[in-house]
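Remarks on the structure that follows.
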Number of protein chains: 2
Amino acid sequence: MHTVAARAGVSIASASRVLNGVGGSPETVRRVREAAAAVGYVPNAIARSLQSQRTGLIAFAVEDIGNPVYVAMMRAIEAVVAESGHQLLVHATGGQVASETALLRRLAHRYVDGMIISPIRITAAHVAALTTTPVPVVVIGQLADDVPVDNVRTDSRSGIALAVDHLVAAGRTRIAFLNGPLDTVPGVARDAGFRAALERHGMPVDLIEVGDFQYAPGRAAAERLLSRAEPDAIVCANDLIAVGALHALLVAGKRVPEDVALVGMDDTELAQMSYPQISSVSLGSEERGRRAARLLLERIADGALPPRREHVAPSLVIRATSGGVQ
Amino acid sequence: MHTVAARAGVSIASASRVLNGVGGSPETVRRVREAAAAVGYVPNAIARSLQSQRTGLIAFAVEDIGNPVYVAMMRAIEAVVAESGHQLLVHATGGQVASETALLRRLAHRYVDGMIISPIRITAAHVAALTTTPVPVVVIGQLADDVPVDNVRTDSRSGIALAVDHLVAAGRTRIAFLNGPLDTVPGVARDAGFRAALERHGMPVDLIEVGDFQYAPGRAAAERLLSRAEPDAIVCANDLIAVGALHALLVAGKRVPEDVALVGMDDTELAQMSYPQISSVSLGSEERGRRAARLLLERIADGALPPRREHVAPSLVIRATSGGVQ
DNA sequence: TTGTATGCGTTATCAC
DNA sequence: GTGATAACGCATACAA
């Protein structure tokens, strides 16, 4: 900038104004532009940030960037924030509470303009960090009603009910459930949803296996299930588990869906990339990502907004594994 | 900082020194620490960056963050750069040349300390941008020998040869190839590798279909292939195509591997998450990511280093779809 | 319109 | 060891 101004024979202030398109006589504009082009001037993002008090960065923090459901969210978020000139910073937390709260506290350094976080566990430490951070945060996931933080949620409890109702309507009577850890927010919600749905249909709740929200644990859980019972339908707490269960079923010689029907959750591209294609409860991942991004941008623009809650309703996508036509 | 210094009754300089752990009498240290804790002082990352001339950010630019091969790279990169206190900025370029060169030019703004980019097309515009950028860049992929930029590469040409040799040894005689676009670097390399391998075995090269490096195009390409020929083996240019081909084969009533053997490429988790599990040529994605990250950190530390080329050799992982035991 | 001067929040340099 | 002061690169009140 200094060089450009000197070369153009004007002050640094004038050069700055021209380069930002505010003010400047035609002659000044011409000379500054020429000088800038000649020396290949390009503004320094950091200095500009220091002055403007914004970095142009949005952080997205998730447990596992390999899970297709987060990839879908990330894409949706990226599309929204890119429109407003922001770039996306991705944090992989590994689901560690310490790692997530550390991230939230680090926000005070103001290295980003805002953060979208989707924790699978929400502890008191989370809430404390969330309510004291000086930088806007939007949480994707269930947040207690009294926490004054923008929040986009879905109802996986009723999502599980959609799956169960669908299977019951198809005549299935021994419906099993493969869940993730019960010390996670989605884990407890889905467990409660499954139990409530089965009880509503007057069915015994005895076919539950708990593993992790991953492929291999899902497959192992299905193997445990098949070794002790003969379900005619399996609901899975996410698509990774469902793919694992599908393979366990096929290895065990079961026909899907004739012998055992299967429904996953999250409706990721994995469900469509399996064979047979897996029915799945959509929790609107893209939509939640999109909404979260919009909420965040709004709050960055106006910090005085009241805390908002947005809700995305689940829906069932029926495919081959639950009686749809192949 | 100003507040902390005032509260501690020392100068800003002393406060800064104490907070950075350099110098300070025991008494000064105590008072500054106390004051900092009292006002909840936390350093401003931007101001610190302006002074230190580094952002602590590393960018990783890829075509599609949903492709498991890039997810694997990203994880490996993240692990390495995190050790040195860097954070990862992820760019999705969509494979657009304009988008990638724009990204490279934007590096001049110095919003990151360095970039790892894995373009599937490398044009003259790329080379021009790469050689003029003032910020360290490492390219994952084939770069011309005379381009003075750090580069981590593999040899997918010989990777394809591994797959073909394996299938020939297993007695397959009508080997097909499902490739991605021929205007991409991996596309041409894999095409050349397939042709060379088949010719080396004295086999006719007539079973090639070109689609895109995605699931649906892969499946469509396999359907086109099956409608016009009866291959007894299929080599796929990546795992997404392979999964699509597997499904096309199963829909067509083919037994895999009895009727048709299948080998993918990239050895992503997708290959293990399919049923039957897909044999795949590993191109060492994690290893390439790790090496690229190390090269970048070294160059950031010492810009005078000569340009380096690192090579990761491909290897074949045999699974169920190519005659391995189920 | 233009230039001067100041501030953004830190760190580094230099006398003391 | 400490404090005043000058950077870092830019944007902007204010006065001219």
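Quick note on labels: first sequence line is chain A, next is B, and so on, each numbered from 1. Side-chain atoms are counted along with the backbone in the values below, which use heavy atoms only and exclude waters and symmetry mates.
- Here the range on DNA chain C touched by chain B, meaning any atom under 4.0 Å from one of its heavy atoms, is dG9(C) to dT13(C).
- The stretch residues 33-49 of chain B has no heavy atom under 4.0 angstrom from DNA chain D at all.
- Nearest heavy-atom pair across G66(A) and V71(B) is CA-CG1, 3.5 Å.
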Residues 77-98 of chain A side chain polar contacts: donor-acceptor under 3.5 Å, at least two apart:
{"from": "S84(A)", "atom 1": "OG", "to": "V81(A)", "atom 2": "O", "distance (Å)": "3.0"}
{"from": "H91(A)", "atom 1": "NE2", "to": "Y111(A)", "atom 2": "OH", "distance (Å)": "3.1"}
{"from": "T93(A)", "atom 1": "OG1", "to": "V62(A)", "atom 2": "O", "distance (Å)": "3.3"}
{"from": "T93(A)", "atom 1": "OG1", "to": "G95(A)", "atom 2": "N", "distance (Å)": "3.0"}
{"from": "T93(A)", "atom 1": "OG1", "to": "E100(A)", "atom 2": "OE2", "distance (Å)": "3.2"}
{"from": "Q96(A)", "atom 1": "NE2", "to": "G94(A)", "atom 2": "O", "distance (Å)": "3.4"}

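- Taking the charged nitrogens against the carboxylate oxygens, E286(A) and R290(A) have no contact shorter than 4.0 Å, which rules out a salt bridge.
- The stretch residues 9-21 of chain B touches DNA chain D through V10(B), S11(B), A13(B), S14(B), R17(B), each having a heavy atom under 4.0 angstrom from the strand.
- For D64(A), the side-chain hydrogen bond (donor to acceptor under 3.5 Å, both in side chains) partners at least two apart in sequence or on another chain are R75(B).
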Atom pairs and distances, side-chain donor-acceptor, residues 140-147 of chain A, under 3.5 Å, sequence neighbours left out:
{"from": "Q142(A)", "atom 1": "OE1", "to": "R153(A)", "atom 2": "NH1", "distance (Å)": "3.4"}
{"from": "Q142(A)", "atom 1": "NE2", "to": "T154(A)", "atom 2": "O", "distance (Å)": "2.5"}

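- For residues 115-133 of chain B, every residue pair satisfying the salt bridge (charged side-chain N to carboxylate O under 4.0 Å, His left out) rule, not counting sequence neighbours, is listed here: R121(B)-D183(B).
- Sorted by first and then second residue, the pairs that involve residues 32-56 of chain A and meet salt bridge (charged side-chain N to carboxylate O under 4.0 Å, His left out), not counting sequence neighbours, are R30(A)-E34(A), R54(A)-D113(A).
- With sequence neighbours left out, the side-chain hydrogen bond (donor to acceptor under 3.5 Å, both in side chains) criterion links S25(A) to T28(A).
- Nucleotides of DNA chain D that come within less than 4.0 Å of any heavy atom of chain B span, from the 5' end to the 3' end, dG1(D) to dG9(D).
- Proximity of H126(A) to P119(A): side-chain heavy atoms (C-beta onward) are separated by under 4.5 Å at one or more points.
- In terms of the side-chain hydrogen bond (donor to acceptor under 3.5 Å, both in side chains) criterion, residue partners of E298(B) (sequence neighbours excluded) are, by chain and number, R308(B).
- In this structure, Q53(B) and G24(B) both approach DNA chain D, and ranking their closest nucleotides by distance from the 5' end singles out G24(B).
- Considering only heavy atoms from C-beta on, F213(A) comes within 4.5 Å of P186(A) through its side chain.
- The side-chain hydrogen bond (donor to acceptor under 3.5 Å, both in side chains) search around R105(A) returns none, not counting sequence neighbours.
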